[in-house]
Protein chains: 2
Amino acid sequence: MRVTTRGRYAVMAMFDLACRRSAEPVPLKQIAEHQGLSERYLEQLMAPLRRAGLVQSMRGAQGGYTLGRPAAAISVGDILRVVEGPISPVACVTDPLACARTDGCVTRGIWSRLRDRMVDLLDSITLADLCQEAASEALTRGVDGHARSLS
Amino acid sequence: MRVTTRGRYAVMAMFDLACRRSAEPVPLKQIAEHQGLSERYLEQLMAPLRRAGLVQSMRGAQGGYTLGRPAAAISVGDILRVVEGPISPVACVTDPLACARTDGCVTRGIWSRLRDRMVDLLDSITLADLCQEAASEALTRGVDGHARSLS
DNA sequence: CCTAATCCCTACTGAAACGCTCGGGTTTCC
DNA sequence: GGAAACCCGAGCGTTTCAGTAGGGATTAGG
């Protein structure tokens, strides 16, 4: 029940990209360094993101990436679906052919409900939300010294 | 972001066990056949379930398994945690040591919230709920002919 | 006592996925 | 022309997945 590094890194990169409100394209190298990720690996994640229209790329020197849509119009769910495939705890929820006993399988209802919850949340969080969160957190951190939330 | 077969099969087996309201222990062979699972594989899943007290076992001829607690006191989350480890979309949510940048990582908040949602739901569904669901579904199916819910 | 049924334990294994690295190629600005 | 960047596909070591296999221990019934 884990999100892979593909999903996590992609969200981190997109978040990084969203926070810089510059029209200038940002080179991957900067993002990778800033987020502490392998540039070469991250490169592989950008390809599907570009094909899906979540980012735009400029080639050549002074090139880089920009968001393909406003940050408020890109959700975490959007990103995850692109790099990890459908958000679903089990295959049979999205693809009924994946399991012979789809019909009348009681446990299927569990995974279906779980999927709905996950999708609801992930689609409700946009990159704009994350940027705002980061900004306000940086503020309270600066004021309080080192505020932390305990779980 | 998938539940493995360990989790799915364990829930299926526990559900099967919960539906038979007999005090007699149920042999694994029956459960496996009834649910269409490999007996040998299922056997491996029962070991941790037994150690966790979710089932009790009787050895020898006429032996088998019974629930270790009332069906209403066993949640899907309980079962998953036993056979799959902590319910968490990323390691750093349960184990802060798993990631260097735990503090001040914005994306971590996403996974934390996702985790909470998942846990909430999975802990709210008990085996008793599933049995009731199965019973009422079998009823409507019998009356309506072949009722299905569309997503 | 013997035997069949049943749970129990450990090891192994083929296949797939994960998490990258690597070697190139192409485009574009200066 | 050269450096900076994106682009593409291959390969690779490790881990996990999803079982299979081979026994051993325990118990009811005959």
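All chains are named by letter (A, B, ...) in the order of the sequence lines, taking the proteins before the strands, and each is independently numbered beginning at 1. Keep in mind the model is a prediction, meaning the values are calculated, not measured.
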Quickly work out the B:I31 CD1 to C:dA5 P distance and round it to whole Å. 18 Å
Is any side-chain nitrogen or oxygen of A:S57 closer than 4.0 Å to OP1 or OP2 of D:dC7? yes
Output the rounded distance in Å from CG (A:L28) to P (D:dC8). 14 Å
Below 4.0 Å: OP1/OP2 of D:dC17 and any side-chain N or O of B:T5: no
Give the rounded distance in Å between these two atoms: CG of B:L45 and P of C:dC9. 14 Å
Contact under 4.0 Å: B:T4 side-chain N or O vs D:dT16 OP1/OP2: no
Taking 4.0 angstrom as the limit, do B:D78 and B:R69 come out as a salt bridge? yes
Could you say whether B:E39 or A:E39 is positioned toward the 5' end of DNA chain D, judged by the nucleotide with the nearest heavy atom to each? A:E39
A:Y41 OH - C:dC18 P separation (whole Å): 8 Å
Hydrogens and angles aside, do B:R6 and B:Q44 bring a side-chain donor and acceptor to less than 3.5 Å of each other? no
First encountered from the 5' end of DNA chain D, between A:Q44 and A:G63: A:G63
Quick test of your reading of the model: are A:R113 and B:E133 salt-bridged, counting only N-O distances below 4.0 Å? yes
Can you tell me if the side-chain N/O atoms of A:S38 get under 4.0 Å from OP1 or OP2 in C:dG19? no
Return no unless some side-chain N or O of A:R50 is found under 4.0 Å from OP1 or OP2 of D:dC8. yes
Can you tell me if B:Y9 touches the phosphate of D:dC17, counting only side-chain N or O atoms and a distance under 4.0 Å to OP1 or OP2? no
Indicate yes or no: does A:R117 engage B:D116 in a salt bridge with an N to O separation below 4.0 Å. no
In whole angstrom, give the distance that lies between atom CD of A:Q56 and atom C1' of D:dA5. 17 Å
Between A:D120 and A:R115 (salt bridge meaning N to carboxylate O under 4.0 Å), is one present in this structure? no
Round to a whole Å and report the spacing from CZ of A:R2 to C1' of C:dG19. 16 Å
Protein proximity profile, nucleotides 23-30 of chain C - base contact B, sugar-phosphate-only contact S, no contact -, cut-off 4.0 Å on heavy atoms: BBBBBBB-
How long is the line joining CE of B:M46 and P of C:dT10, in whole Å? 18 Å
Looking only at side chains, do A:T5 and A:Y41 share a donor and an acceptor under 3.5 Å apart? yes
More than 12 heavy atoms of other residues, nucleotides or ligands under 6.0 Å from CD of A:E39: yes or no? yes
Whole-Å gap separating P (D:dA5) and CD (A:E33): 10 Å
